[in-house]
Every structure is written in structure tokens, then in C-alpha cells.
2 protein chains.
Amino acid sequence: MDEARWLDEREQRAWRALMVMQDGLSEFLDRRLRTRCGLSGADYEVLAHLAEAPEGRLRPFELGRLLRWEKSRLSQHLGRMEKRELVTREPCATDQRGAVVALTDRGRVLIEAAAPQHVGDVREVLMDHLSPDELDTLATIGDTVRARLAALGQGSGPAASEG
Amino acid sequence: MDEARWLDEREQRAWRALMVMQDGLSEFLDRRLRTRCGLSGADYEVLAHLAEAPEGRLRPFELGRLLRWEKSRLSQHLGRMEKRELVTREPCATDQRGAVVALTDRGRVLIEAAAPQHVGDVREVLMDHLSPDELDTLATIGDTVRARLAALGQGSGPAASEG
DNA sequence: TCCGGTTGGTTCACACGTCAACCAATCGCT
DNA sequence: AGCGATTGGTTGACGTGTGAACCAACCGGA
């Protein structure tokens with residue numbers, strides 16, 4: 001079973017650069033969010049989706065689909081956010097099993113303060129330093145990978161039917 | 001404080017693609033490693049570095065520098081790996097404070113089985129679907145981001161002096 | 001109507017990462 | 001030699017992510 005050929009130099013370079021970028025980017029952005037806004041990256045994602053929803057309300061399963069999160073992860077995280085009064089959970093009127101997650105005033109304030117900061121951070125570290133060509137290539141690569149993952153994944157990992 | 005301009009369409013596309021790629025890639029690779037080799041991504045990184053070191057031995061602080069890991073993370077993780085008999089920890093002969101972490105036979109066997117698999121996975125989902133130009137662009141972007149992070153980070157997060 | 005399968009959600013146990021506090025050995029300076 | 005700062009490393013508390021088990025409500029036939 002030695003049929004797998006190693007990465008050539010060009011591939012290695014790209015791979016290492018991607019890995020370092022990946023780690024560095026999320027570490028940097030998370031840290032900025034945490035220290036300047038008191039939010040984790042996960043908090044931010046949740047709040048951002050809620051803020052875009054009508055009345056700041058969503059069914060958890062909708063939220064999970066948007067975030068591509070496993071349901072247990074979402075449940076745990078919402079529990080913690082509820083304690084911090086960033087969101088509330090109410091029973092759902094039309095489905096006795098379910099719940100509705102709603103943004104609190106506090107959550108709304110925080111996400112609206114955090115969003116422009118976050119975009120600024122993304123600019124600072126990435127967007128403002130890439131050419132249009134590089135941006136397009138990045139998007140293309142991302143789409144390629146997504147397609148490969150979708151083709152291979154076929155039901156492994158949380159599925160998301162694009163809305 | 002509304003001076004931060006939002007991302008334009010091209011930037012949004014690139015950003016979303018990058019985020020999805022980032023999440024999808026690490027989730028996919030970690031899952032493959034876990035299910036086919038019984039190793040987490042973190043285990044893999046540690047073992048890979050040890051396997052490249054002379055005699056499969058490294059001082060933890062060296063390992064931490066290579067991995068860009070915080071020392072507490074490394075300490076905790078080595079503890080778990082030691083329990084699973086992937087590595088051992090011995091006192092260091094030349095520095096009474098320190099330790100030496102060494103690959104066990106079991107660890108050696110696992111990493112040597114995992115490495116080609118892992119490379120195959122990386123090929124399958126990424127490398128075999130990108131053009132040389134795309135690879136170069138990816139490397140360039142990664143380097144750009146690393147430079148930005150280094151310029152901004154200035155001592156935030158684990159520093160690593162390139163070896 | 002009943003009954004099995006699916007869906008929405010929670011909970012438990014565990015692996016993982018970070019921060020702050022801590023300890024002992026070593027280094028550097030006088 | 002003495003002593004404070006630095007270095008190498010561990011620990012504890014806590015937030016976070018995953019998989020499996022579980023439960024209740026819903027759905028779709030026979």
C-alpha cells in the first residue's frame with residue numbers, strides 16, 4: 001500500500017501556507033472578538049444569524065442548518081448563551097416538541113457592536129491585502145473543495161441543504 | 001463609528017468560500033484520521049514531528065515551538081497521549097527542569113500507517129483538483145496573511161521563530 | 001386507530017484548548 | 001556567592017465540540 005505519492009514542493013508550500021493561515025486566522029479573529037466584544041467566534045455566528053432573522057427569532061433546527069452545526073453542539077451552546085442572557089428559549093407555538101430561540105436586547109446590542117469590528121478585523125488581516133484576482137482564485141478554490149467534500153461526504157458530518 | 005465599510009460582493013464570496021473550506025477541510029481530515037487511524041488531528045501533528053526528529057525524541061518546548069502550541073496545551077495533550085502509550089516522558093539528562101518526549105513503538109507504527117493515508121486524503125480533497133497557478137496563489141495568500149498576523153500579533157498568541 | 005419511523009431537542013461522558021497560577025531549575029548580573 | 005528574572009513544565013477551572021443514548025411529539029401508512 002505505498003501507492004500514495006507524497007506532496008511535491010509546490011504542493012507542500014501551498015499546504016503549509018494554508019494550514020498556517022487557517023490556524024492563525026481563526027485564532028486572531030477569535031481573540032479579537034473575545035477581548036474587544038466579549039464574544040467567542042461561536043457566539044458571533046449564532047448572534048449574526050439571529051440578527052438577520054425576522055424578529056431575531058429562529059427555530060434551533062433552522063439555526064443548526066445555517067451554521068452547519070451538530071444539534072448537540074447547538075443545544076449546549078444555546079444553554080451557555082442563555083445563561084449569559086444573549087438569547088432566550090421559548091416553547092414553540094406550532095410544534096410542541098420544539099423551541100424558538102430569540103435574541104435578547106443585550107444580544108442585539110452586542111452583535112451590532114461586534115459586526116463592524118469583526119469586518120474591520122477581516123479587512124485588516126486579509127481583504128485589504130489581496131488583489132481581485134486573488135480573491136476570485138480563493139473563492140474558486142473554496143468552491144472546488146466544497147464540491148469535493150460534498151461528493152465524498154455523502155452523509156458524513158452535518159449536512160446542509162443550501163438555502 | 002460607522003467608518004468600517006462592509007465587504008463587497010467579491011470579497012463576501014471569497015470570505016464565505018474560505019470559511020466553508022476551512023471548516024469543511026479540518027472536519028473532513030480529522031474525521032478520516034480518527035475513524036481510519038484512531039488519531040485526532042492533534043495526535044497526528046505531534047507524532048509527525050516526533051517521527052521526523054532524531055531517535056523520535058524531542059524536548060517539549062521544541063515540540064511546542066514547531067507546532068506553535070501553547071505550553072499548557074502541549075502538556076495536557078502529551079498527558080493524554082502518554083496514557084494511550086503513543087509517547088513516553090522521561091526526565092531530561094542535561095536540564096533538571098525539563099523532560100524529553102519520545103515516540104513509542106506503538107506511536108511509530110501508527111504514524112507511519114497514518115501518514116500516507118493522510119496525504120492521500122489531502123490529495124483527494126484538495127491537491128489533485130488545483131492547478132499549479134492556484135497552488136501558487138494559495139501559498140502567496142497564506143504568506144500574506146502570515147505576514148499581516150505577525151505584524152499585528154507582535155506577541156499575542158504563541159510566537160514561533162521560524163526554524 | 002394504532003404503531004413504527006422520523007424529527008426536534010436535551011443530556012451525559014469525554015476529548016480538547018485557554019488562561020492564570022504555580023513550582024523548580026537555570027541564567028544573568030553584581 | 002547571592003538574588004531577581006527568565007525558562008520549562010504542570011495543574012485546575014472553565015468554555016467548547018462530539019457521539020451516543022434518550023425522550024417526546026409528529027407523521028404516515030395499514
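Proteins get letters first, then strands, A, B, ... in listed order; numbering begins at 1 in each.
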request  = Using a cut-off of strictly less than 4.0 Å, decide whether A:Arg31 has a side-chain nitrogen or oxygen near OP1 or OP2 of C:dC19.
outcome  = yes
Any side-chain N or O of A:His77 less than 4.0 Å from the OP1 or OP2 oxygen of D:dG15?
no
Using residues 80-91 of chain A as the side-chain source, report each donor-acceptor pair under 3.5 Å to any protein atom, sequence neighbours left out, with the distance given to one decimal.
residue	atom	partner	partner atom	Å
A:Arg80	NH2	A:His77	ND1	3.1
A:Glu82	OE1	A:Arg89	NE	3.1
A:Glu82	OE2	A:Arg89	N	3.4
A:Arg84	NH1	A:Asp43	OD1	3.4
A:Arg84	NH1	A:Asp43	OD2	3.1
A:Arg84	NH2	A:Gly38	O	3.2
A:Arg84	NH2	A:Asp43	OD2	3.2
A:Glu90	OE1	A:Arg57	NH2	2.9
A:Glu90	OE2	A:Arg57	NH1	3.4

Pair B:Glu124 + B:Arg32, salt bridge at N-O below 4.0 Å | yes
Answer yes when B:Glu27 and A:Arg68 have at least one side-chain N-carboxylate O distance shorter than 4.0 Å, and no when they do not.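 Salt bridge: no.
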Sorted by chain and residue number, the side-chain contact (heavy atoms from CB on, under 4.5 Å) partners of A:Asp136 (sequence neighbours excluded) come out as B:Arg10
Could you state the atom-to-atom distance from [atom1] of [X] to [atom2] of [N] in whole Å?
X	N	atom1	atom2	result
B:Glu82	C:dA15	CD	P	15 Å
B:Arg84	C:dC14	CZ	P	15 Å
A:Arg65	C:dT7	CZ	C1'	14 Å
A:Glu27	D:dT16	CD	C1'	16 Å
A:Asp30	C:dT18	CG	C1'	12 Å
B:Leu39	C:dA15	CG	P	14 Å
A:Gln96	C:dT7	CD	C1'	15 Å
B:Met81	D:dG9	CE	P	16 Å

A correct 5'-to-3' footprint of nucleotides 8-13 of chain C, with B, S and - meaning base, sugar-phosphate only and no protein heavy atom under 4.0 Å, is BBBBBB
Practice problem: Would you give the length of the straight line joining atom CG of A:Leu25 to atom CG of B:Leu18, rounded to the nearest 0.5 angstrom? | Solution: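 Nearest 0.5 Å value for the CG-CG distance: 6.0 Å.
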Can you tell me if A:Glu134 uses its side chain to pair, donor with acceptor, with the backbone of A:Ser131 under 3.5 Å?
yes
* To do: Would you check if the side chain of B:His118 reaches a backbone N or O of B:Leu33 as a donor-acceptor pair within less than 3.5 Å?
  => no
Nucleotide nearest A:Arg80 when distance is taken to its side chain, options C:dC19, C:dA25, D:dG15:
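Within the option list, the nearest is D:dG15.
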